[in-house]
Amino acid sequence: MHLRRRRQVTTAGLAVIAIGLAACSSSSSSSTSTSTSSSSSATASASSNPSLSGTLNASGSTFQTVFQQAAISAFKSVDPGITVNYGSGGSGKGRTDLASGVVNFAGSDSPIPASEVPNFKGKKVLYFPVFLGPITMSYNLSGVSNLKLTPKVIAEIFEAKITKWNDPAITALNPGVSLPSTPITTAVRSDSSGTTQNFSLFLQDSMPSVWTLGSSSTIKWPSTARAGNGNPGVAQIIKSTPGAIGYVDYADAKASGLTFASVQNKSGDYIAATPASASAAGNGITVASNLTFHAVWSPNTSAYPITYQSWDLVYATQPNANDAALLKAYLGYLLGAGQQLLGNLGYAPLSSSIDQQAVAQLSQITS
């Protein structure tokens, strides 16, 4: 593959590597059951090698942006000769840029859809998971701080079947809470998004008899929905719109000062979105041989039910040995010391089992 790296991604907000493919609910691949731990036990292959020099460009998932910014800064002290640029823009953009040869790796929170597979022209793509995190049900209701929601109510809100906050279906879940008659405004993504893919997968898995809009990186939402670009765009709609509710990753929701609901999980318990409850969702994850998986609607009793995952996508065969070495160094850092950054940023680290599988897969990056 001849990467068109001379067209470097130099946008000001660039940060670090890409995300990739998740949400593999098929049992067609061989799989492994793992349990989630609070931190990675892997030893990274980021080697502090002064002879490594060059630039890696990436784009994609906005879910990864906060982590990538922190990791890029920290990685500079490990391998100062390597420059990493990460441009957010949504998982779909990352996959498109990788397929087009514009970037060295792509951030994606969902697998490559079947419709996009031909774009990669038969080249092998490796999936490197980097972390887990909750998708919050963030809302804007003055005076309401302890809202509870079920998957059924969430599905009906986003299908515009429940349109007022004092609807009986919501008030029944929140006794003693004074809910206004304010119209509900749903805030959704305008771009091709892994957050959308995983949020809709949660609704599809939890409420198959209710949810009719399917699961995809883009959804045809009711006309009353308001769309924003990236997680920050959705967060801004919620923050500025009384009565709004939307799906936003935990890190961006916290950064925007949003309030979010507790959501009923598969065990019937109402669970708040936190890094700890996202880690619980990773307990017992079934991982396919290509390291794809999904964490939504976990059976774990303490799991937050709308937890998703993030990957970095890279081609197994690189155009030259230096590019292969740069990718191994940076990905090795994300899977090693970079895991220690996650807790303070609002993400959950990989289980040691998944992390070790990802580290072992680094050897498949060749030139």
Side-chain angles (χ1 to χ4, degrees), residues 13 61-63 65-66 88-92 109 133-174 177-200 202-203 211 213 216-264 270 272-274 304-306 308 346:
S61 163
T62 63
F63 179 37
T65 302
V66 174
S88 59
S91 298
D109 310 327
I135 301 174
T136 70
M137 286 287 90
S138 292
Y139 63 93
N140 183 343
L141 284 177
S142 179
V144 179
S145 58
N146 296 300
L147 189 69
K148 294 180 179 179
L149 296 172
T150 63
K152 184 175 186 292
V153 165
I154 293 170
E156 291 181 340
I157 286 172
F158 280 85
E159 288 194 344
K161 294 174 182 176
I162 294 176
T163 59
K164 296 287 184 69
W165 278 108
N166 64 349
D167 186 284
I170 303 177
T171 58
L173 303 176
N174 297 276
V177 178
S178 179
L179 291 166
S181 60
T182 307
I184 296 174
T185 299
T186 53
V188 301
R189 290 283 288 270
S190 60
D191 51 321
S192 179
S193 159
T195 313
T196 299
Q197 172 84 55
N198 286 280
F199 173 61
S200 57
F202 154 70
L203 293 172
W211 183 248
L213 301 183
S216 179
S217 296
T218 57
I219 297 286
K220 188 175 180 180
W221 300 105
S223 60
T224 51
R226 289 186 58 190
N229 187 61
N231 278 293
V234 176
Q236 182 55 41
I237 292 172
I238 298 166
K239 190 169 186 176
S240 62
T241 309
I245 184 171
Y247 54 95
V248 182
D249 80 271
Y250 180 86
D252 280 299
K254 291 289 285 186
S256 298
L258 298 178
T259 302
F260 35 89
S262 294
V263 179
Q264 188 182 54
Y270 288 92
T274 66
Y304 180 70
I306 326 176
Y308 71 140

Residues forming a side-chain hydrogen bond (donor to acceptor under 3.5 Å, both in side chains) with Asp191, sequence neighbours excluded: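 For Asp191 the side-chain hydrogen bond (donor to acceptor under 3.5 Å, both in side chains) partners, ignoring immediate neighbours, are Arg189.
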So which atom in [X] and which in [Y] form the shortest heavy-atom distance, rounded to 0.1 Å?
| X | Y | value |
| --- | --- | --- |
| Gly246 | Val234 | CA-CG1, 4.5 Å |
| Ser61 | Asp109 | OG-OD1, 2.8 Å |
| Lys148 | Asn174 | N-OD1, 2.7 Å |
| Ala244 | Ile237 | CB-O, 4.3 Å |

Can a donor-acceptor pair be found, under 3.5 Å and without considering hydrogens, that links the side chain of [X] to the backbone of [Y]?
| X | Y | result |
| --- | --- | --- |
| Asn198 | Tyr308 | no |
| Asn140 | Ile238 | yes |
| Asp167 | Thr163 | no |
| Thr136 | Val248 | yes |

Steps toward ring pair (Phe, Tyr, Trp, His ring centres under 6.0 Å) verdict (Tyr250, Phe260): CA-CA 9 Å; Tyr250 180 86; Phe260 35 89; 5.8 Å; yes
Step-by-step side-chain contact (heavy atoms from CB on, under 4.5 Å) determination, Leu147 to Val177: CA-CA 8 Å; Leu147 189 69; Val177 178; 5.6 Å; no
Chi angles and distances behind the side-chain contact (heavy atoms from CB on, under 4.5 Å) call for Tyr304, Thr274: CA-CA 8 Å; Tyr304 180 70; Thr274 66; over 6 Å; no
Look up atom [atom1] in [X] and atom [atom2] in [Y], then write down how far apart they are to the nearest 0.5 Å.
| X | Y | atom1 | atom2 | answer |
| --- | --- | --- | --- | --- |
| Phe158 | Ser200 | CZ | OG | 11.0 Å |
| Thr65 | Asn231 | OG1 | CG | 8.0 Å |
| Thr62 | Asn229 | OG1 | CG | 8.0 Å |

Residues in salt bridge (charged side-chain N to carboxylate O under 4.0 Å, His left out) contact with Lys254, at least two apart in sequence or another chain: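 By the salt bridge (charged side-chain N to carboxylate O under 4.0 Å, His left out) rule, Lys254 matches no residue at all.
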For Lys164, salt bridge (charged side-chain N to carboxylate O under 4.0 Å, His left out) partners two or more places apart: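 Lys164 satisfies salt bridge (charged side-chain N to carboxylate O under 4.0 Å, His left out) with no residue once adjacent residues are dropped.
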Name of the residue among Leu149, Val263, Thr150 meeting side chain to side chain contact (heavy atoms under 4.5 Å, CB included) with Tyr270: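 Looking at Leu149, Val263, Thr150, the match for Tyr270 under the side chain to side chain contact (heavy atoms under 4.5 Å, CB included) is Thr150.
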Note, Ile162 side chain near Ile184 side chain (heavy atom, < 4.5 Å):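 When only atoms from C-beta onward are counted, Ile184 and Ile162 do touch, with a gap below 4.5 Å.
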Pro151 vs Gln264 side-chain heavy atoms within contact, under 4.5 Å: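 Answer yes - side chains close enough.
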Reference residue Tyr247; test side chain to side chain donor-acceptor pair (under 3.5 Å); the match among Thr196, Thr195, Thr186: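 So, applying the side chain to side chain donor-acceptor pair (under 3.5 Å) to Tyr247 and each of Thr196, Thr195, Thr186, only Thr196 qualifies.
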Parallel, tilted or perpendicular: rings of Tyr139 and Trp165 (30°, 60°):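 Plane angle between 30° and 60°, so tilted.
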